[in-house]
Amino acid sequence: MEETDIIYSVRDIFEHQRFKGITYRIPDYQRGYKWTPDNVRALLNDVWNFNGKGEQFYCLQNITIILSSDGKYFNVIDGQQRLTTLSIVLSYLKEEDLVKKRINYEIRKTTATFLEEHIFSRRCWEDGYKHNPQHQDEYYIMSAAETVAEWFEKTKVDSLAFKAKLLSRTKLIVNEITSNEYQTFSNLNSVHIPLDASDLIRAMMITYSVKEGKENIDIDPYRVRMGAEIDSFTVTWSNPELKRYYGQFLPEELSRKAREMRFDYAEHPINLLYLLFLLQKKGEESISLSSFEEYLKNEPDAFSHIKEFDAILQEWYDDNVLYHYLGFLFFNYKSRVKFSEIFKLWLNCSSRTA
């Protein structure tokens, strides 16, 4: 995994060279830890009930961080509740060495001390342990620790199997920013990220846009404009007729597997654009989220290519002759006609008539 990646496993969050040895600091403008037992149980249930195959993983949510000027810590702008809860769960699972001295609460110095001395030491799960919480953070952290122990005792889940799934098959999107963190924090909302390509690819494209050679522009306004353009694509591809028309261009097997691959274009029509784009770039056998991320990382002007591709498909759809001719081909000869070959022919022809 390279440092330019944005999707990391839970183990990577603490062990990958990009993060290893650096403290996650919770800034003073953040509220304290406030996850309820219901929040903790929902996380544990979601991780355990995830049964993905192959490269599939459970996407917990994103975290947004910014590196301090001295490179000694990351300020956590969004995601402190998840990071703290993960640290509690990992400590219960006897992976406390992963998380020791990795979280520091600037808002209340004693919270970090409490985590180290009571949670990461695993004292809180010893027989006869008693502690009277001194403030709100301690109360909610202790409640979370008790909930974790109760959940494992009640469900009888194999802790080793759960730990393997949590460390390797549970991942987060890491959004490292360079802009004003206070403004970013005020603009963030905390909705869960669906397990779907449409949102993950959006995050990848906006994050990787910094690599597109835009040295002479302010990258953050550029990313805002990119987000607006992606929103425009989403509206366009939500047209039921457009979705129906281009859905027939997909090979039958790919169409059947789209939802399993998290490219559910019935629920998120923009995924149809991404599937067709990958189909003509990579071929059916190579379509996956990881192949899309690989393309975005290695192609210096990926977003421009996606926009050009979208413009061509809109041209086909709006042209009465092309619309009916291509529709006729894919409706009657789908087993013999390949979208990638048709698209290549279009690019190689000198004119619409040709």
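Heavy-atom basis, side chains included; hydrogens, waters and symmetry copies ignored.
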Spell out, as yes or no, whether a donor-acceptor pair under 3.5 Å connects the side chain of [X] to the backbone of [Y].
X	Y	answer
Q81	K34	yes
T64	D78	no
K163	L93	yes
R25	Y105	no

Does NZ or CZ of R122 fall inside the cone over Y129's six-membered ring, less than 6.0 Å from its centre and within 45° of the axis?
-> no

Just checking, is any N or O donor in the side chain of D70 or S68 under 3.5 Å from an acceptor N or O on the other one?
->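 Result is yes, a qualifying pair exists.
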
Determine the sole option in N104, T84, D137 for which the side chain to side chain donor-acceptor pair (under 3.5 Å) test with T111 is passed.
->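 Of the listed options, the one satisfying the test is D137.
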
Verify whether the ring centers belonging to [X] and [Y] lie closer than 6.0 Å.
X	Y	answer
H131	F114	yes
Y92	W151	no
F19	Y8	yes

Side chain to side chain donor-acceptor pair (under 3.5 Å) between H118 and E138, intermediate numbers included = CA-CA 10 Å; H118 295 261; E138 290 187 13; over 6 Å; no

Residues E96 and K100 bridged, charged N to O under 4.0 Å =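 Salt bridge absent between E96 and K100.
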
